[in-house]
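Notes to accompany the following structure.
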Amino acid sequence: MQQIPLSKPSITSLERSYVQKVMESERLALGPFLEEFEARFATTCGVRHAIAVNSGTSALHLIIRALGIGAGDEVITTPYSFIASANAALFEGAMPVFVDIEPVTFNIDPSKIEAAISPRTRAILAVDVFGAPADWIALQDIAERHNLLLIDDACEALGATVTDRSGVQLKIGSLGEAAAFGFYPNKQMTTGEGGLILTDSKKIYDMCRSMRTSTRASRRESRTSC
Ligand SMILES: *Cc1c(COP(=O)(O)O)cnc(C)c1O
């Protein structure tokens, strides 16, 4: 029986030459290629800061931690996702609260969120499943009304956009406090394994950048200003 792969990486001579350059530079971690990757990713999505990490799961985890979400807190999210979106809250001792999806996009149904909000709710973690953006305009309204943080699990949605009420196109990655991307081979773009956090917040940026190396930032890193 012929197998049709769910996804297949496209690796050209360009990628091979970049990997070769890194190998020859003998700087295998946190080098200039990473900085360029972060800068270009942030620019592409129209966001101020990018922090590359080792997986999309780590990206979500660091966002939860940087936002100070932990024991006693609840995070509203969707059950129809990769397990990492719920685990990110659990890793920090917070409780994921599942809200059902809507049938067209398979994304969290905003009309069902308010019934799930409790005094412990801190955030809504929405997923743009299979590249289809969640209803960010409705989510922003709810978050504002209830003073909740908004987190985007954008691991499956690099390059997607949403249109706001005035017809302006907003890029996935630029919505909410922070967004997580993943680069496992089943994603739009792969690095083998990898992930990235996007945020406009200097505070989240500083915390995530510090946590990704367990605060072991090099002198060069700490000198870099953003
Ligand atoms: C891929 C994915 C992640 C992160 O996966 P990693 O394997 O940790 O990079 C998180 N959320 C969703 C919805 C995903 O599809």
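All ligand and atom numbering here is 1-based and tracks the order in the structure.
In this structure, Gly195 does not count as a contact residue of ligand 1, since none of its heavy atoms falls inside 4.0 Å of the ligand.
Less than 4.0 angstrom separates some heavy atom of Ser81 from each of these atoms of ligand 1: 13 (C). Remark: ligand 1 atoms within the under-4.0 Å shell around heavy atoms of Ser55 are 8 (O), 9 (O). Heavy-atom contacts of Val127 reach the following atoms of ligand 1: 13 (C) (cutoff under 4.0 Å).
When heavy-atom distances to ligand 1 are checked against a 4.0 Å cut-off, Cys155 comes that close only through its side chain, counted from C-beta outward. Proximity of Lys187 to ligand 1, defined as any heavy-atom pair under 4.0 Å, is confined to the side chain (atoms from C-beta onward).
Nearest protein heavy-atom neighbour of atom 5 (O) of ligand 1: Phe82 CE2, 3.6 Å. Of all protein heavy atoms, the one closest to atom 11 (N) of ligand 1 is Asp153 OD2, 2.7 Å.
Looking at Thr57 next to ligand 1, an N or O pair under 3.5 Å apart turns up. In terms of N/O distances under 3.5 Å, ligand 1 is not approached by Asn186. Ligand 1 has an N or O atom lying under 3.5 Å from an N or O atom of Glu156, backbone or side chain. The distance criterion of under 3.5 Å between nitrogen or oxygen atoms is met by Gly56 with respect to ligand 1.
For the residue pair Trp136 and Asp164, no side-chain donor N or O sits within less than 3.5 Å of a side-chain acceptor on the partner. No hydrogens or angles considered: a donor-acceptor pair under 3.5 Å links the side chains of Glu15 and Thr12.
Ring geometry for Phe106 against Phe130 counts as perpendicular: the plane angle is over 60°, on a 0 to 90° scale with 30° as the lower cut.
Taking the six-membered ring where the residue is Trp, the centroids of Phe82 and Tyr184 are separated by 6.0 Å or more. In this structure, the ring of Tyr80 has its center no less than 6.0 angstrom from the ring center of Phe98.
Under a 4.0 Å N-O distance rule, the pair Asp141/Arg145 does not qualify as a salt bridge. Checked for salt-bridge contact, Glu38 and Arg212 meet the test: a charged N lies under 4.0 Å from a carboxylate O.
In this structure, the side chain of Ser25 engages the main chain of Arg27 through a donor-acceptor pair within 3.5 Å.
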